[in-house]
Every structure is written in C-alpha cells, then in structure tokens.
Amino acid sequence: MQKPIGIFDSGIGGTSIWREINTLLPDENTIYLADSFNAPYGEKPREKIIEFCIKNTELLIEKGCKLIVVACNTATTNAIDILRNKFDIPFIGIEPAIKPAAINSTTNSVGILATKGTLSSSLFAKTSEEFAWNVKITEQEGTGLVTLIESGKLHSDEMTNLLHNYLNPMLDKNIDYLVLGCSHYPYLVPQIKEILGYDVTIIDSGLAVAKQTKAIAEKFELLNNTKTTNSHQFYTNTDVAVIKQILKDMHNYVQISHLNF
Ligand code: DGL
C-alpha cells in the first residue's frame, strides 16, 4: 500500500527513529511531524501530552497515513493506550530498552537517561518492575537536553556541562549499560561516549521500533509493494532551520516544510 507511514515526536528527536525505519523499510513513503512548538513534552502535565498526541494523530490521519509511529518515549508512555482506544489505526510506540540492559548487565548496575514525563509514567514503572527487578537502576531526568537540541545547541558548552552533571554520578555507580529513554538522545551518543568511555554500552530503542513497524505493517498487509519513487515529508511548527540542520545529510532525499498545527 502506497499510503505513508506517519511518525510524530515532540520535535526533531524522532528523526533518529525515522532513520531506522527508512533504513529497514526503504520503499515506504513517510510523513513526519515535529511538534517543536510544544517541546519539551517531558516537562508538561500528562493531560497536555495526551492533547498534543491526539492533535498530531488527527493530522497524520487527515494526511492519509496507514499506521502511526509515536517516535517519542514521553508520548508513548503517557498516551499510547488512549490513542489506541480512540483511533482505528495501528500504532507503534517507543519505550526505554530497559529489558536488554538488565539481561546483559554484568555489574548489575544500569543507568537510564529519560525525560521526567517518561520516568514518572506508570508504564515505565511497570516495565522496570517486570524486567529489571534484578539490577540496580540509576534513573536520571535529562532536564534541559531536549530544549538545547531543539534550539540548535547540540554541540555547546551548556550541553557538555549538563551531560557531565547527569552522567558522572552513573560512573560512580559502576554502570555497564546506559539506556537512552528519549528519541532525541541518540544524537548525543558521541558526546556521551566521551564522558562514559567505551566500557559502558549505550542502547536505544530505534532499531527495535523499526522492526516492530515492519512486523505490524506485514501483519495488517500495509507494506508498499509498488516500486515508485518514494516521498518523505517533514513538517515542523517552528523554524525549519533546526530540523534542516539535523537532517543535513538527507537534503536530496526529504522535503522539509513549516506547517501550523
Ligand atoms: N523525544 C521525546 C522522547 O522520546 C522528547 C520528549 C520531550 O519533548 O520532552 O521522550
């Protein structure tokens, strides 16, 4: 089916998930919404997060999407059940990959960096209780990180300082895995590696989400089997410059526009 896969995030971070989906499913058309105007979701009350998710979903459905990827941990952990009940379309969500970290940790000490909204969600509490009861988990809210990325300050002294503040205590706790529980954070991996060194394995959920997207598309017979030139539309409700910068290696391949939503 040629209809696009819809993807949304509170901003530009979910483009890290879009990259994984596009690599695994290169024949698919996609539409991406960056709700940067309302970022960071992670600092907002749950009712607001739900309201934003409904608005984004309605727009993607209006644009003809056949399934929706909620490329935001904060949105998934707070709103995906509500979206699934309200809309008659398959949803794929993203959650922190706490299970593989807990299974593979040999120091029995795992760090997780995520937003306040994700760490305080009942879905995250349930997942940690179920899959990570046997390891010590150091939770760290990444307050400020999304805002810096959204303002084009991925590489800045402010970012370096925040990362040191958040990650140094994890080194003291001898973590051997760091779980990135926010789709913005994969863009920070080189900087995080500089701080944590190469003995700590960093994991995120991008590839798992792409595999799940493929599985759901197969199950509902939604894959695009036609060999047409594909289209990748990115919409942001703030300045296009920041998303253009994060997708600078993709300019010949994607279309980026401003849209009020
Ligand atoms: N990319 C979002 C996530 O995965 C960031 C949330 C926010 O806007 O605070 O959680």
Side-chain angles (χ1 to χ4, degrees), residues 6-21 32-57 60 68-83 91-98 111-125 127-128 139-154 158-159 162-163 166 178-189 192 202-210 212-213 234-239 242-243 246-247 261:
I7 303 169
F8 76 82
D9 178 38
S10 62
I12 61 174
T15 56
S16 66
I17 310 301
W18 173 85
R19 286 173 187 275
E20 301 277 7
I21 292 172
Y32 182 98
L33 300 183
D35 190 12
S36 298
F37 183 78
N38 291 306
Y41 282 9
E43 317 274 317
K44 305 267 182 347
R46 182 162 185 254
E47 298 67 44
K48 272 286 173 202
I49 299 171
I50 292 168
E51 196 184 294
F52 299 146
C53 290
I54 291 175
K55 163 189 70 91
N56 298 336
T57 300
L60 288 172
I68 293 179
V69 180
V70 181
C72 174
N73 293 258
T74 314
T76 300
T77 51
N78 285 279
I80 201 155
D81 291 350
I82 288 160
L83 296 177
F91 284 93
I92 294 99
I94 178 167
E95 281 186 70
I98 200 96
I112 167 154
L113 189 60
T115 69
K116 182 177 174 186
T118 294
L119 293 173
S120 62
S121 68
S122 50
L123 187 56
F124 175 72
T127 312
S128 315
E139 294 178 12
Q140 176 62 56
E141 291 175 9
T143 311
L145 300 177
V146 167
T147 305
L148 285 176
I149 296 170
E150 289 291 327
S151 29
K153 294 183 180 166
L154 182 58
E158 288 143 284
M159 182 64 85
L162 274 186
L163 287 174
Y166 294 160
L178 174 69
V179 179
L180 300 183
C182 170
S183 57
H184 281 70
Y185 300 167
Y187 287 112
L188 294 169
V189 165
I192 293 176
I202 301 170
I203 51 177
D204 68 66
S205 317
L207 180 58
V209 172
Q212 182 66 1
T213 305
F234 286 75
Y235 296 101
T236 175
N237 50 12
T238 58
D239 188 355
V242 181
I243 191 163
I246 213 103
L247 291 171
F261 62 91

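Model, not experiment: these values are computed from the prediction. When a ligand or atom number is given, it counts from 1 through the structure's own listing order.
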Using a 4.0 Å cutoff against the non-hydrogen atoms of [X], which atoms of ligand 1 qualify?
{"X": "Pro40", "answer": "7 (C), 8 (O), 9 (O)"}
{"X": "Ser10", "answer": "2 (C), 5 (C), 6 (C), 7 (C), 8 (O)"}
{"X": "Gly42", "answer": "7 (C), 8 (O), 9 (O)"}
{"X": "Asp9", "answer": "1 (N), 2 (C)"}

Nearest protein heavy atom with distance in Å, relative to [atom]:
{"atom": "atom 10 (O) of ligand 1", "result": "Thr74 OG1, 2.6 Å"}
{"atom": "atom 7 (C) of ligand 1", "result": "Tyr41 N, 3.2 Å"}
{"atom": "atom 2 (C) of ligand 1", "result": "Cys72 SG, 3.3 Å"}

Open item on the list: Please check: side-chain N/O of Asn78 versus main-chain N/O of Gly117, any donor-acceptor pairing under 3.5 Å?
Closed with: yes

Task: Heavy-atom donor-acceptor pair, Thr115 side chain to Thr74 backbone, under 3.5 Å - done: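 No, Thr115 side chain to Thr74 backbone: no donor-acceptor pair under 3.5 Å.
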
- [ ] May I have the step-by-step check of side chain to side chain donor-acceptor pair (under 3.5 Å) for Glu150 and Ser36, ending in yes or no?
- [x] CA-CA 7 Å; Glu150 289 291 327; Ser36 298; 2.8 Å; yes

Task: Thr115 contact mode with ligand 1 (heavy-atom cut-off under 4.0 Å) - done: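 Thr115 to ligand 1: side-chain contact only, backbone stays beyond 4.0 Å.
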
- [ ] Check step by step if side chain to side chain donor-acceptor pair (under 3.5 Å) holds for Tyr187 and Thr15.
- [x] CA-CA 10 Å; Tyr187 287 112; Thr15 56; 2.7 Å; yes

Open item on the list: So, taking the atom named CZ in Phe52 and the one named CG in Leu33, what distance separates them when rounded to the nearest 0.5 Å?
Closed with: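 Reported to 0.5 Å precision, the distance equals 14.0 Å.
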
TODO: Find the distance between CG (Asn38) and OG (Ser10) and round it off to the nearest 0.5 Å.
DONE: 9.0 Å

Open item on the list: Any heavy-atom pair between the side chains of Glu95 and Thr77 that's under 4.5 Å?
Closed with: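 Yes, their side chains come closer than 4.5 Å.
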
- [ ] Looking only at distances, please establish whether an N/O atom of ligand 1 is found under 3.5 Å from an N/O atom of Ser183.
- [x]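 N/O-N/O distance under 3.5 Å: yes.
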
